[in-house]
K.L.:
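Structure provided below as structure tokens; questions to follow.
Numbers here are sequence positions counted from 1.
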Amino acid sequence: MHRTQTALRRERPELVANYLDSLGLVERLHRLLLDVIKDEFERLGLIEVNAVQALLLFNIGDNEVTAGELKTRGYYQGSNVSYNLKKLVETGYMHHERCAIDRRTVRVRLTERGHEVRRLVAALFDRHAADMAARGAFDPARLADVNDALQRLELYWSGQIRYIY
């Protein structure tokens, strides 16, 4: 461990502890979100689409994108985007076509079946938001603060990847 890291742990242990707690929460929340979607789809009897694929369909929405854009736009957080796109095309949830200008590039968009899955996920999220509001689980301003903090963390991590910071 670098001397500055040791000094930071000694001088600001609460910062390090809170950062580590945040990392664990982000990871657990993403897994829980996938479990929530999986459980909803199992209740609906929709087993042809997994939670990762459903979230991908939700995030793409009305856009038409290339496979490469899925990660850069934040629509897909996994490592196996090709597999999931192939499955979604094979099962009729997504349409793909080669770009006329650059034949190596494939553009994808949702089919009507894909839009139906998107509507199911949107309805699930709407239900959650309404339930949280009814229970007073979140003050909108506090949730906005959480989003702001997560966006700053995203910006910091993006800078780390690009060696900005």
K.L.:
Within a strict 4.5 Å, meaning less than it, do heavy atoms of the V36 and E40 side chains meet?
P.N.:
no
K.L.:
Is the CG atom of D62 crowded by more than 12 outside heavy atoms at less than 6.0 Å?
P.N.:
no
K.L.:
I need the H30 NE2 to L25 CG distance, nearest 0.5 Å.
P.N.:
14.5 Å
K.L.:
Just verifying a value: how many Å separate I60 CD1 and N63 CG, rounded to the nearest 0.5 Å?
P.N.:
8.0 Å
K.L.:
Within this structure, what is the CG-CG distance for the pair D139 and D145, rounded to the nearest 0.5 Å?
P.N.:
8.5 Å
K.L.:
Atom CG of L34 and atom CG of N50: how far apart are they, to the nearest 0.5 Å?
P.N.:
8.5 Å
K.L.:
After noting the C-alpha distance and the side-chain angles of L57 and M94, does the key distance pass the side-chain contact (heavy atoms from CB on, under 4.5 Å) rule?
P.N.:
CA-CA 8 Å; L57 292 169; M94 193 171 282; 3.5 Å; yes
K.L.:
Backbone N or O of T66 within a donor-acceptor pair of the E69 side chain at under 3.5 Å?
P.N.:
yes
K.L.:
Quick one: does any side-chain atom of N18 pair with a main-chain N or O of E14 as donor and acceptor, under 3.5 Å?
P.N.:
yes
K.L.:
Do L46 and F58 belong together in a cluster built from hydrophobic side chains that touch within less than 4.5 Å?
P.N.:
yes
K.L.:
Is there a side-chain contact between V121 and F41, using heavy atoms and a 4.5 Å cut-off?
P.N.:
yes
K.L.:
So does H96 have more than 12 non-hydrogen atoms from other groups sitting under 6.0 Å from NE2?
P.N.:
no
K.L.:
If I take atom NZ from residue K86 and atom CG from residue N80, how far apart are they, to the nearest 0.5 angstrom?
P.N.:
10.5 Å
K.L.:
Compile the donor-acceptor pairs under 3.5 Å between side chains in residues 106-114 and protein atoms, sequence neighbours left out, one pair per line.
P.N.:
| unit_1 | atom_1 | unit_2 | atom_2 | d |
| --- | --- | --- | --- | --- |
| R107 | NE | E64 | OE2 | 3.2 |
| R107 | NH2 | E64 | O | 2.9 |
| R109 | NH1 | E97 | OE1 | 3.2 |
| T111 | OG1 | G92 | O | 2.5 |
| T111 | OG1 | Y93 | O | 3.2 |
| T111 | OG1 | R113 | N | 3.4 |
| T111 | OG1 | G114 | N | 3.3 |
| E112 | OE2 | R119 | NH2 | 2.5 |
| R113 | NH1 | T91 | O | 2.4 |
| R113 | NH2 | E48 | OE1 | 2.7 |
| R113 | NH2 | Y93 | OH | 2.9 |

K.L.:
Do the side chains of Q151 and L155 get nearer than 4.5 Å, heavy atoms only?
P.N.:
no
K.L.:
With rounding to the nearest 0.5 Å, note down the distance linking CD1 in I47 to NZ in K38.
P.N.:
11.0 Å
K.L.:
Report yes if some heavy atom in the side chain of R127 is under 4.5 Å from a heavy atom in the side chain of M132; otherwise report no.
P.N.:
no
K.L.:
Are the side chain of N84 and the backbone N or O of V81 linked by a donor-acceptor pair below 3.5 Å?
P.N.:
no
K.L.:
Closest approach of G61 and R118, non-hydrogen atoms and distance?
P.N.:
CA-NE, 2.9 Å
K.L.:
Applying a strict under-4.5 Å side-chain criterion to I, L, V, M, F, W and Y, I'd like to know whether F125 and V49 cluster together.
P.N.:
yes
K.L.:
Output yes when a side-chain donor or acceptor of N59 lies under 3.5 Å from a complementary backbone atom of L55, and no otherwise.
P.N.:
yes
K.L.:
Does any part of the side chain of I37, heavy atoms only, come nearer than 4.5 Å to the side chain of V52, both counted from C-beta?
P.N.:
no
K.L.:
Any link between V146 and L29 through a network of hydrophobic side chains (Ile, Leu, Val, Met, Phe, Trp, Tyr) touching at under 4.5 Å?
P.N.:
no
K.L.:
Within the 4.5 Å heavy-atom criterion, are K87 and Y83 side-chain neighbours or not?
P.N.:
yes
K.L.:
Can you get from V117 to L33 by hopping between Ile, Leu, Val, Met, Phe, Trp and Tyr side chains that sit under 4.5 Å apart?
P.N.:
yes
K.L.:
Are L20 and Y156 linked, directly or through other ILVMFWY residues, by side chains that come within less than 4.5 angstrom of each other?
P.N.:
yes
K.L.:
Does the distance from a Lys or Arg side-chain N to an Asp or Glu carboxylate O, for R43 and D39, drop under 4.0 Å?
P.N.:
no
